[in-house]
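One structure is given here, and the rest of the page talks about it.
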Amino acid sequence: MQFFDTHAHIGLIYDDPIEQIRVIQQAKHAGVTRIVSINNSLHDFKKEYAALKSVNGIYHAVGVGPSEVTTPGKDWIKTIEESVNLPNVVAIGETGLDYYKQFGDKRSQIELFITQLELAQKHDKPVIIHNRDAGKDIFEILLDRIPQKGAIFHCYSENAEYAQNCLEAGLNVYFSFAGNLTYRNARNLHETVLNIPVDRILIETESPFMIPAEFREKKRTMPAYLPSTAKFLAEMLEMDLEALSAQLWKNSCKIFNLPEE
């Protein structure tokens, strides 16, 4: 079996590149052979890309998260356009809307988000979406502006009805679940996975956040913990773990336009 961590902030686990490589090696020993490295800022993207660009099985997303809305960087659009077609850059993101922490103002967040959706469309890439208390606006924006290659709701936090509305609207979206899926009180997530097609499901660690219940005594999540979430999901769906891992792998490769082998 092999697993694909579709969203990990490797640079937030450890700043030291040597420690980052150790984390990646541990993940591979656990069967996690592909990881998408995520950053919220272009500065961090440049740093992580330089450190990990030659590491087998590591892919990258480039974008500006809503937390950086007031300081996206000089010539940030040009920087994304120069970076998006680098080797192993597979998506634009994470980007989206975060109304919980109220970064900047809503209008500025929306403008930042829409611009990156347009860049994803222009450069034929999927987009990785951060959504916190902003589901209504994100849905309405995606109805008109979702890139052709699709979008991932990372660390999905809405309910089953929201996911069904996205699918019924014909949106090319995937729903990625992190370690919080394994929490007993995550009923909205449990209901969602039971009511969406398995070929639209992804899993992620959101490292170093969202520690799976099995590892609750740990201080941070690691990509090596991803199989724990997969096992929980397999039990919920009453699927054989090997069959589920194969389907999740297929889904991940499809959205990121990667070969399955």
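Heavy-atom basis, side chains included; hydrogens, waters and symmetry copies ignored. Count residues from 1 along the sequence. Just so it is clear, the structure is predicted and the values come from calculations on it, not from any experiment.
- Asn195 places no side-chain N or O within donor-acceptor distance of the main-chain N or O of Ala160, the cut-off being under 3.5 Å.
- Under the side chain to side chain donor-acceptor pair (under 3.5 Å) criterion, Arg216 pairs with no residue, sequence neighbours left out.
- With a 4.5 Å cut-off on side-chain heavy atoms, Pro66 and Val69 do not count as touching.
- Between Glu206 and Phe209, the closest side-chain pair of non-hydrogen atoms falls below 4.5 Å.
- In the hydrophobic clustering of this structure, Ile128 groups with Leu202; members are Ile, Leu, Val, Met, Phe, Trp, Tyr whose side-chain heavy atoms approach within less than 4.5 Å, directly or through other members.
- Using modelled atom types and a 3.5 Å distance limit, the side chains of His9 and Glu94 yield a donor-acceptor pair.
- Put simply, the side chain of Leu181 reaches to within 4.5 Å of the side chain of Val193, judged on heavy atoms.
- Looking at heavy atoms from C-beta onward, Ile13 lies out of side-chain contact with Gln20 at the 4.5 angstrom threshold.
- Using cut-offs of 30° and 60° for the angle between ring planes, the His154 and His7 rings count as parallel.
- Considering only heavy atoms from C-beta on, Lys218 comes within 4.5 Å of Tyr225 through its side chain.
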Practice item. Evaluate the criterion side-chain contact (heavy atoms from CB on, under 4.5 Å) for residue pair Leu142 and Ile129; output intermediate values, then yes/no. Key: CA-CA 10 Å; Leu142 290 180; Ile129 296 175; 3.7 Å; yes

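- A search for side-chain contact (heavy atoms from CB on, under 4.5 Å) contacts involving Pro197 returns Leu167, Asp199, Arg200, not counting sequence neighbours.
- With a 6.0 Å radius and a threshold of 12 heavy atoms from other residues, nucleotides or ligands, Gln2 has its CD atom above the threshold.
- Rounded to the nearest 0.5 angstrom, Lys78 NZ and Ile80 CD1 are separated by 13.5 Å.
- With contacts defined as side-chain heavy-atom distances shorter than 4.5 Å, the pair Pro87/Tyr49 qualifies.
- Residues meeting the ring pair (Phe, Tyr, Trp, His ring centres under 6.0 Å) test with Tyr156, sequence neighbours left out: Phe175, Phe177.
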Review point. Hey, mind stepping through Glu81 and Lys122 against salt bridge (charged side-chain N to carboxylate O under 4.0 Å, His left out) and telling me if it holds?
Key: CA-CA 9 Å; Glu81 295 207 275; Lys122 178 180 177 180; 2.8 Å; yes

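- The nearest pair of heavy atoms linking Leu42 to Pro72 is CD1-O, 4.1 Å.
- Tyr14 is linked by a side chain to side chain donor-acceptor pair (under 3.5 Å) to Arg22, counting only residues two or more places apart in sequence or in another chain.
- Between Trp76 and Thr71 the shortest side-chain heavy-atom distance does not fall below 4.5 Å.
- Within the structure, no pair that satisfies the side-chain hydrogen bond (donor to acceptor under 3.5 Å, both in side chains) test touches residues 232-243, not counting sequence neighbours.
- No donor-acceptor distance shorter than 3.5 angstrom exists from the side chain of Ser207 to the backbone of Ala8, with no hydrogens or angles considered.
- When all heavy atoms of Ile146 and Ala151 are compared, the closest pair comes out as CD1-CB, 4.1 Å.
- Linking ILVMFWY side-chain heavy atoms closer than 4.5 Å, directly or via other members, places Ile35 and Leu258 in two distinct hydrophobic clusters.
- The pair Glu48-Lys53 fails the salt-bridge criterion, with no side-chain N (NZ, NE, NH1 or NH2) lying under 4.0 Å from an Asp/Glu carboxylate O.
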Residues 249-257, side-chain donor-acceptor partners within the protein, below 3.5 Å, at least two apart:
residue, atom, partner, partner atom, Å
Trp249, NE1, Glu260, O, 2.8
Asn251, OD1, Gln247, NE2, 2.7
Asn251, ND2, Val198, O, 2.9
Asn251, ND2, Ile201, O, 2.9
Asn251, ND2, Gln247, O, 3.4
Ser252, OG, Leu248, O, 2.8

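- With sequence neighbours left out, Glu158 forms a side chain to side chain donor-acceptor pair (under 3.5 Å) with Asn131.
- Of all the heavy atoms in Thr229 and Gly179, the pair that sits closest is OG1-CA, 3.7 Å.
- Applying the 6.0 Å contact sphere to NZ of Lys28 captures more than 12 heavy atoms from other residues, nucleotides or ligands.
- Annotation: the span from Ile24 atom CD1 to Ile10 atom CD1 amounts to 4.5 Å, rounded to 0.5 Å.
- Side-chain contact between Val62 and Leu86 is absent, with no heavy atoms from C-beta onward closer than 4.5 Å.
- The number of heavy-atom neighbours closer than 6.0 Å to CD of Glu217, taken from other residues, nucleotides and ligands shown, is above 12.
- Under a hydrophobic clustering in which Ile, Leu, Val, Met, Phe, Trp and Tyr are joined whenever their side-chain heavy atoms come within less than 4.5 Å, directly or via other members, Leu189 and Ile211 fall into different clusters.
- For residues 100-111, every residue pair satisfying the side-chain hydrogen bond (donor to acceptor under 3.5 Å, both in side chains) rule, not counting sequence neighbours, is listed here: Asp105-Ser108, Arg107-Glu111.
- In terms of modelled atom types and a separation under 3.5 Å, the side chain of Lys46 and the main chain of Ser83 share no donor-acceptor contact.
- Evaluation of the side-chain hydrogen bond (donor to acceptor under 3.5 Å, both in side chains) test over residues 163-182, restricted to residues two or more places apart or in two chains, returns Thr6-Ser176, Ser176-Glu204.
- Applying the salt bridge (charged side-chain N to carboxylate O under 4.0 Å, His left out) test to residues at least two apart or on different chains, the pairs with a partner in residues 129-141 are Lys136-Glu140.
- With sequence neighbours left out, Ile114 forms a side-chain contact (heavy atoms from CB on, under 4.5 Å) with Ile110, Glu118, Ile141, Arg145.
- Counting only distance, with no hydrogens or angles, the side chain of Asp5 and the backbone of Val32 share no donor-acceptor pair below 3.5 Å.
- Residues passing the side chain to side chain donor-acceptor pair (under 3.5 Å) test with Asp98, sequence neighbours excluded: His130.
- Taken from CD1 in Ile38 to SG in Cys155, the straight-line distance is 12.0 Å, to the nearest 0.5 Å.
- Using a 4.5 Å cut-off between side-chain heavy atoms of Ile, Leu, Val, Met, Phe, Trp and Tyr, with links allowed through other members, Ile58 and Leu226 fall into the same hydrophobic cluster.
- Taken to the nearest 0.5 Å, the NZ atom of Lys149 stands 14.5 Å off from the NE2 atom of His123.
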